[in-house]
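Here the structure is laid out as structure tokens; the discussion comes afterwards.
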Amino acid sequence: MQLRAPRGTNDLLPASAQAFDFLEQAAHRVFSRYGYRLVETPLFESTEVFVRGIGEATDVVGKEMFSVLSPQALARLCDGSAPKADEQLTLRPEGTAGVARAVVEHGLAASGAAPAKLWYRGSMFRHERPQKGRLRQFHQIGAECIGAASPSADAEAIIMLMRFFEEAGLASSLLRLLVNSMGDENCRPAFREEVRAFILEAADGLCDECRRRADTNPLRAFDCKSPTCKEVMAAAPRITERLCDECAGHYEAVKARLDAAGIVYEEQPLLVRGLDYYTRTVFEVQVDVGLGAQNAIGGGGRYDGLIAQFGGKPTPGLGFAVGLERIVLALEASGGIPVSPLAPQLFVAAVDADSRAAAFALACRLRDAGMRVELDHQDRSLKSQFKLADKSAAPWVAVIGPNELTVGSATLRSMSEGAEQQVRLDATEDFARIVNTMKEGL
Ligand code: HAM
């Protein structure tokens, strides 16, 4: 039986891997302008990190986490006993909780210090029902700013996110930036109660899950994908009308900063996002092309209570993450990804067995000098080496045969024009000058 990649996972073949690399480089260029530095946290953490960070009553924690079992923990489980607390590990479903844990563990956001501005990229794992743009292993680029309470930090992160999309080649006309405020521990509890009462009142029109949510996490009902629940919840109380003065002032200031920067956004009072750590500002970017139902290509918000959840001093924070698979689908649907495969600049072809060693040595020298060079490793005839060169899109072929070896040179042939010239085998800089005159792929 042929083995296949697990359901909901993708092999990142060269074209996708290169597209992801392009997006990472775009993130690197844009984020460094805003003072963010790259970090990498483990792919798995104590389960407790996600339970505490994301919230027990979220879908992500309640239904979608992949556990990691060490052989010892598995043996204990098979024996009918529970794994020990430090054996309960989970593949990260998102990046924020792990970064917050690391910030506390390494004291990266000491009070009085400048905020820790960190970005990351990598795989995330959620056991969701796979569909277009929704995978069980997917890739995010995310950014977290920990230690800044001012609304200007929220606006800065949103502006940076939109600049990243621009840099990645997604026209702003294709994007919809939704913003909302979710209040804080002063105004949200009363709002939650109001929504709970609303759900109980409107229970007949809601799905079982939303009815259950009345007790566990009423605000999740705003996120339900069922059209009937959406219709009912559209009439629910709105948080933006219930914000306390501080939260309302913060929200107004974020919007004023976005307006001043010329960022176009829509206020979406029903936007609550699927993770429980958010306070005040939340935002999401949706795209109109290529994705259908899974049209959120990024989202984030403020989480002023998260660092304290991990045992740190109360420290404000905020951030966002984008989904690379979804961005690539949107780019493909809107005119392609602005990257081309890195074709070799030169193919070195050997006329016969005796010339192969010299061809190999030339290829090594030119690669050491920085050129992208390919050659045959399958003892092909000269004719099929030319076919291979053509297929690889190399613009030049350097041919080495008995005649060339006698005079110590290669015959360099332009694949587009057929013109030939002799170049001495040891004249590396002549090869470089000639091949570098060709237009480069990205
Ligand atoms: P999130 O909205 O859960 O937020 O995920 C961010 C992005 O990851 C989504 O907008 C989507 O593009 C992508 N994504 C999520 N789930 C999947 C999936 N199953 N398959 C493919 N792509 C997916 C977070 O993860 C937060 N940590 C963002 C954040 C950072 N908030 C504050 N800081």
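For ligands, and for the atoms within them, numbers begin at 1 and follow the listed sequence.
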Residue selection (non-hydrogen contact nearest atom 13 (C) of ligand 1) among Gly323, Ala330, Ala321, Gly98: Gly323

For Tyr278, the ligand 1 atoms whose distance to one of its heavy atoms is below 4.0 Å: 26 (C), 28 (C), 29 (C), 31 (N), 32 (C)

Polar contact flag for Tyr303 and ligand 1 (N/O pairs, less than 3.5 Å): no

Option of least heavy-atom distance to atom 30 (C) of ligand 1 (set: Thr96, Val285, Asp59): Thr96

Gly300 N/O to ligand 1 N/O under 3.5 Å: no

For atom 24 (C) of ligand 1, closest protein heavy-atom neighbour: Leu275 CD1, 3.6 Å

Region of Arg134 that comes within reach of ligand 1 [heavy atoms, distance under 4.0 Å]: both

Enumerated ligand 1 atoms positioned under 4.0 Å from heavy atoms of Glu94: 25 (O), 26 (C), 27 (N)

Test of proximity, Leu135 against ligand 1: N or O pairs below 3.5 Å: yes

Heavy-atom proximity to atom 8 (O) of ligand 1, best of Glu325, Arg129, Gln140, Glu128: Gln140

Leu219 and Met182, any side-chain heavy atoms less than 4.5 Å apart: yes

Closest to atom 22 (N) of ligand 1 (judged by heavy-atom distance), picking from Tyr120, Phe138, Phe320, Phe125: Phe138

Ligand-side contact atoms (ligand 1) for residue partner Gly133, heavy atom cut-off under 4.0 Å: 20 (N), 21 (C), 22 (N)

Atom 10 (O) of ligand 1 [closest protein heavy-atom partner, distance rounded to 0.1 Å]: Gly298 N, 3.2 Å

Under-4.0 Å heavy-atom contact with ligand 1, by part of Glu144 that carries it: side chain

pair Trp119-Glu144: side-chain heavy atoms closer than 4.5 Å: no

